[in-house]
Amino acid sequence: MHRHFHSVTSTMDVARDMAQADAPEGTLITADTQTAGRGRGSHAWYSPPERSLYLSIVLRPSLPPQHASWITMTAALTAREVAEAAAAPAVAQIKWFNDVLLNGRKVCGILVESSFLGDRMEYAVLGIGLNTNTQFDAAPLDVQERATSLAQEGDHAPYDRADILARLLDSFSARYTRLLTQRFSPAEEYARHVATLGQSVRINTGSEVIEGLAQRIGEDGALTILTTSGERRVGFGEILP
Ligand code: BTN
């Protein structure tokens, strides 16, 4: 099922409400604009009308809760692949944990909100914001400094949003099907595309800032950092600029 809206608060809200009302796996919500698009933490997601892709998909994966991060990694790999193919020769990389960079600037953000019932995942809502044709002149300053779009980096502007959506869905569906049948962590492929491995990083986990050398990605997507007091595994967080 695909429902498209001109304007919503956030496709995450609509998809979550539908998931709670038993919407089936694969239900897709798209919108031309969001009045309260959100990112991780307290970040807003810049969602100007009809410029970019704002979508959420209801998933009901038969995965244990500890593998929820596999979905984020699968979505990041999908968006990276689509962004790089659309904007070649621009280089697309993953910024741990859930961002896709094009030529070093953020082109896509991924948000997974899951609901658990005991030891199983009831549903997960996968949200993807892919900056397709957005220009950032009117965006908040911090967004202007860090964001980009396919149109800003690639040679084929303006991009056809429907075409990019179709590519995203095809690629995600193939990867997701493989994930569920093979039940194999995408971490190895994911790690090959992570921008910051081998570099010094500062990570805000929400409760502290950890500083050190980014060493490797575990099968759950956690990042191991070598700090002055030894190795730390960080499950999630935001790499600070
Ligand atoms: C992040 O980078 O912190 C995640 C951004 C996720 C943005 C997308 S846009 C579609 C969906 N609806 C939202 O409100 N957020 C996600």
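Note that ligands are numbered from 1 as they come in the structure, with each ligand's atoms numbered from 1 the same way.
- The atoms of ligand 1 that sit less than 4.0 Å from any heavy atom of G39 are 1 (C), 3 (O), 4 (C), 5 (C).
- Atom CZ of R3 sits in a sparse spot, with 12 or fewer heavy atoms from other residues, nucleotides or ligands closer than 6.0 Å.
- Counting the atoms of ligand 1 from 1 in the order shown, those under 4.0 Å from a heavy atom of S10 are 12 (N), 13 (C), 14 (O).
- Heavy-atom contacts of M12 reach the following atoms of ligand 1: 11 (C), 12 (N), 13 (C), 14 (O), 15 (N) (cutoff under 4.0 Å).
- Using a cut-off of 4.0 Å between Lys/Arg side-chain N and Asp/Glu carboxylate O, K95 and E238 are scored as not salt-bridged.
- No side-chain donor-acceptor contact under 3.5 Å links Y46 to the backbone of F136.
- Taking only nitrogen or oxygen atoms, main chain and side chain alike, K106 reaches within less than 3.5 Å of ligand 1.
- Residue I110 has at least one heavy-atom neighbour below 4.0 Å for each of these atoms of ligand 1: 4 (C).
- With hydrogens and angles ignored, the 3.5 Å screen pairs no side-chain donor or acceptor of E122 with any backbone N or O of S115.
- Contact atoms of ligand 1 toward G37: 14 (O) (distance under 4.0 Å to a heavy atom of the residue).
- Listed by number with element, the atoms of ligand 1 under 4.0 angstrom from any heavy atom of T11 are 10 (C), 11 (C), 12 (N).
- The protein heavy-atom contact nearest to atom 3 (O) of ligand 1 is R40 N, 2.7 Å.
- Of the heavy atoms in D99, only side-chain atoms (C-beta onward) come closer than 4.0 Å to ligand 1.
- Using a 30° and 60° split on the angle between ring planes, H4 and H2 fall in the perpendicular class, above 60°.
- Side-chain contact, S52 with T134: a donor N or O sits under 3.5 Å from an acceptor N or O.
- Ring planes of W70 and H67: parallel class, angle under 30° (limits at 30 and 60°).
- Residue, atom and distance of the protein heavy atom nearest to atom 16 (C) of ligand 1 are R38 O, 3.8 Å.
- Without hydrogens or angle criteria, N103 side chain to V91 main chain gives a donor-acceptor distance under 3.5 Å.
- Heavy atoms of other residues, nucleotides or ligands lying less than 6.0 angstrom from CZ of R232 number 12 at most.
- Using a 4.0 Å cut-off to heavy atoms of L55, the atoms of ligand 1 that qualify are 10 (C), 11 (C).
- Note: no N/O pair closer than 3.5 Å links Y54 and ligand 1 by distance alone.
- The contact set between ligand 1 and I128, taken as ligand atoms under 4.0 Å from a residue heavy atom, comprises 8 (C), 9 (S), 10 (C).
- The single protein non-hydrogen atom nearest to atom 8 (C) of ligand 1 is G129 N, 3.5 Å, given as residue, atom name and distance.
- No N or O atom of S56 sits closer than 3.5 Å to an N or O atom of ligand 1.
- In terms of protein heavy-atom proximity, atom 12 (N) of ligand 1 is closest to Q34 OE1, 2.8 Å.
- Protein heavy atom closest to atom 5 (C) of ligand 1, with residue, atom name and distance, is W45 CE3, 3.5 Å.
- Between the side chain of T196 and the main chain of Q199, no donor-acceptor pair closer than 3.5 Å is present.
- Ion pair R167/D163 flagged as a salt bridge, since at least one NZ, NE, NH1 or NH2 atom sits closer than 4.0 Å to an Asp/Glu carboxylate oxygen.
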